[in-house]
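These figures come from a predicted structure and were not determined experimentally. Residue numbering restarts at 1 for every chain, and letters A, B, ... go by the order of the sequence lines.
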2 protein chains.
Amino acid sequence: MRVDARLNRERILTAAEEVFGELGAQASTEEVARRAGVGVATVFRHFPTKTDLVEATLVRHFDDLVAHARTLATAPAPGPALGDLVTAMVERGATKVTLANLLGAADQVPSGAADAAQRLRDAVDAVLRRAQEAGVARRDVSVDELYFLVRGLTQAAAALPVPTAVSRGAVAVVLDGLAAKR
Amino acid sequence: MRVDARLNRERILTAAEEVFGELGAQASTEEVARRAGVGVATVFRHFPTKTDLVEATLVRHFDDLVAHARTLATAPAPGPALGDLVTAMVERGATKVTLANLLGAADQVPSGAADAAQRLRDAVDAVLRRAQEAGVARRDVSVDELYFLVRGLTQAAAALPVPTAVSRGAVAVVLDGLAAKR
DNA sequence: CAATAAGCGAAGTCGTCACTTCGGATCTTA
DNA sequence: TAAGATCCGAAGTGACGACTTCGCTTATTG
């Protein structure tokens with residue numbers, strides 16, 4: 001692959017992340033191209049369909065979160081680690097959830113995104129289990145439920161322009177409900 | 001207004017509720033017309049823009065919830081009433097939230113929907129305050145946060161068909177976090 | 001029951017957006 | 001450094017969806 005091609009690919013991904021974050025998932029491919037400083041044809045050469053572009057953006061984002069989760073899985077304090085993870089997912093994912101919605105709306109869920117989501121699920125699972133074994137998280141909560149909660153918080157946060165006292169408070173309530181009963 | 005016009009209006013609203021619930025917010029107006037058994041022109045005569053149609057559907061749904069909330073505001077047990085309300089909003093609203101997203105994406109938030117949302121907020125506020133005064137809900141939670149949580153849970157439930165057990169579990173966690181500390 | 005006003009649907013128009021084509025510019029390698 | 005492969009952007013194309021027009025139908029009213 002030529003160096004200019006690789007550079008453009010990188011520029012497109014970065015632009016897609018910005019544009020979809022600001023304009024929402026229905027932003028046009030042409031807007032992404034404009035922001036990246038390339039022609040539309042270049043975008044389509046790298047990502048044959050719009051779904052491919054969205055998928056690539058999502059996978060990149062998910063893998064970031066996976067790395068973060070794996071670090072937290074070996075952190076000294078399992079309880080705060082779980083809290084950190086939830087907060088990070090909500091705040092960093094806020095702009096990306098609309099993308100996931102677009103993907104969900106498509107008839108077929110692309111395998112690449114599904115794989116990345118699975119990796120993230122597993123990493124979150126590890127953090128949760130560790131907190132449960134340390135006795136600082138309810139044992140009757142499954143990853144599915146935690147995932148559901150995080151997804152919900154993230155989606156609600158995405159509606160707001162900036163993380164606010166309200167979203168922080170809501171996260172606090174959930175973390176409190178997640179904590180082991182005293 | 002002629003009786004056939006009123007009947008058609010009713011049919012259109014019902015169809016819109018179904019279609020947007022099943023196909024998502026980006027479903028076409030023509031699909032709504034087909035489902036209602038009328039021509040597209042009829043839909044546009046009753047609701048000049050698609051936004052108007054979405055708004056009308058939302059207002060109807062919100063007002064249903066407002067009625068429910070007002071009933072619960074005078075229920076004998078304030079704690080379970082709050083739980084009931086949250087559950088009802090999440091489960092009944094699941095198909096409707098995508099509509100709210102579409103509205104939010106539009107440049108202008110129609111005043112009608114904003115008013116209905118305000119009425120709902122006030123009704124929920126009443127139920128929450130009553131639970132707090134009865135000492136069964138945390139006092140450091142505001143309506144804003146509760147609303148945020150419900151919105152998130154509903155959106156997550158709407159996004160993809162989730163097993164009821166999972167959404168119920170997640171709601172339980174939130175309600176637990178909402179309960180007064182022991 | 002006839003006149004009339006309101007309502008209705010079929011067949012458009014217009015703009016937008018995902019995706020393609022092709023002639024020219026640019027990087028690579030011998 | 002020059003041949004040649006690779007990459008690029010400007011200008012399409014075709015489909016789809018929001019919204020309009022108009023001739024016909026149907027409910028209302030004196």
Side-chain angles (χ1 to χ4, degrees), chain A residues 1-20 22-58 98-99 101-110 113, chain B residues 1-16 18-58 98-99 101-110 113:
Chain A
M1 194 187 230
R2 263 165 57 171
V3 290
D4 52 351
R6 180 169 297 278
L7 185 68
N8 270 347
R9 186 191 165 87
E10 208 51 39
R11 270 207 277 255
I12 290 167
L13 273 178
T14 304
E17 209 160 323
E18 286 177 24
V19 170
F20 290 142
E22 289 171 23
L23 282 299
Q26 73 274 21
S28 72
T29 310
E30 284 163 36
E31 177 61 33
V32 174
R34 201 176 310 131
R35 188 82 61 108
V38 303
V40 271
T42 304
V43 176
F44 281 102
R45 200 169 304 112
H46 286 284
F47 307 96
T49 72
K50 183 173 186 177
T51 304
D52 290 329
L53 176 58
V54 171
E55 183 185 349
T57 308
L58 272 182
T98 47
L99 296 186
N101 283 349
L102 180 66
L103 265 185
D107 283 7
Q108 63 207 355
V109 177
Chain B
M1 193 189 235
R2 265 164 56 168
V3 290
D4 52 350
R6 181 169 296 277
L7 185 68
N8 270 346
R9 187 190 165 87
E10 207 52 38
R11 271 208 276 255
I12 290 167
L13 273 178
T14 305
E18 286 177 25
V19 171
F20 289 142
E22 289 171 24
L23 282 298
Q26 74 273 22
S28 71
T29 310
E30 284 163 35
E31 178 60 34
V32 174
R34 200 175 311 132
R35 188 81 61 107
V38 303
V40 272
T42 304
V43 176
F44 281 102
R45 199 169 305 111
H46 285 285
F47 307 96
T49 74
K50 184 174 185 175
T51 303
D52 290 329
L53 177 57
V54 171
E55 183 186 350
T57 308
L58 271 182
T98 46
L99 295 185
N101 284 348
L102 180 66
L103 264 184
D107 284 8
Q108 63 208 356
V109 177

Using only side-chain N and O atoms of [X], determine if any of them is under 4.0 Å from OP1 or OP2 of [N].
| X | N | result |
| --- | --- | --- |
| H46(B) | dG7(C) | no |
| N8(A) | dC7(D) | no |
| T29(B) | dG17(D) | no |

In whole Å, I'd like the distance from the [atom1] atom of [X] to the [atom2] atom of [N].
| X | N | atom1 | atom2 | answer |
| --- | --- | --- | --- | --- |
| R6(B) | dT26(D) | CZ | C1' | 18 Å |
| D52(A) | dA18(C) | CG | C1' | 13 Å |
| L7(B) | dT25(D) | CG | P | 21 Å |
| I12(A) | dC7(D) | CD1 | C1' | 12 Å |
| F47(B) | dG7(C) | CZ | P | 14 Å |
| K50(A) | dC19(C) | NZ | P | 9 Å |
| E31(A) | dT16(C) | CD | C1' | 14 Å |
| R11(B) | dG7(C) | CZ | C1' | 13 Å |

What's the spacing between [X] [atom1] and [Y] [atom2] if we round to 0.5 Å?
| X | Y | atom1 | atom2 | result |
| --- | --- | --- | --- | --- |
| N8(B) | R2(B) | CG | CZ | 10.5 Å |
| E22(B) | R35(B) | CD | CZ | 4.5 Å |
| Q26(B) | E31(B) | CD | CD | 12.0 Å |

Q: When you get a sec, tell me which of dG17(D), dC19(C), dC7(D) is the closest nucleotide to the side chain of A5(A)?
A: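 Nearest listed nucleotide: dC7(D).
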
Would you indicate whether the side-chain heavy atoms of [Y] and [X] approach each other to under 4.5 Å?
| X | Y | answer |
| --- | --- | --- |
| F20(A) | L53(A) | yes |
| L7(A) | R11(A) | yes |
| E55(B) | L58(B) | no |

Open item on the list: Check whether D52(A) reaches the backbone of T49(A) with its side chain - one donor and one acceptor, N or O, closer than 3.5 Å.
Closed with: yes

The salt bridge (charged side-chain N to carboxylate O under 4.0 Å, His left out) partners of R45(A) (sequence neighbours excluded) come to none

side-chain contact (heavy atoms from CB on, under 4.5 Å) with I12(A): of T57(A), T29(A), V38(A), only one passes, and it is V38(A)

Note, DNA chain D 5' to 3' with Watson-Crick or G-U pairs under 3.5 Å encoded as ( ), [ ], | and . gives ||||||||||||||||||||||||||||||

Each nucleotide of nucleotides 20-30 of chain C classed B (base within 4.0 Å of a protein heavy atom), S (only sugar-phosphate) or -, in 5' to 3' order, makes BB----BSS--

Judged by nearest nucleotide, the residue sitting upstream toward the 5' end of DNA chain D, V38(A) or E30(A), is V38(A)

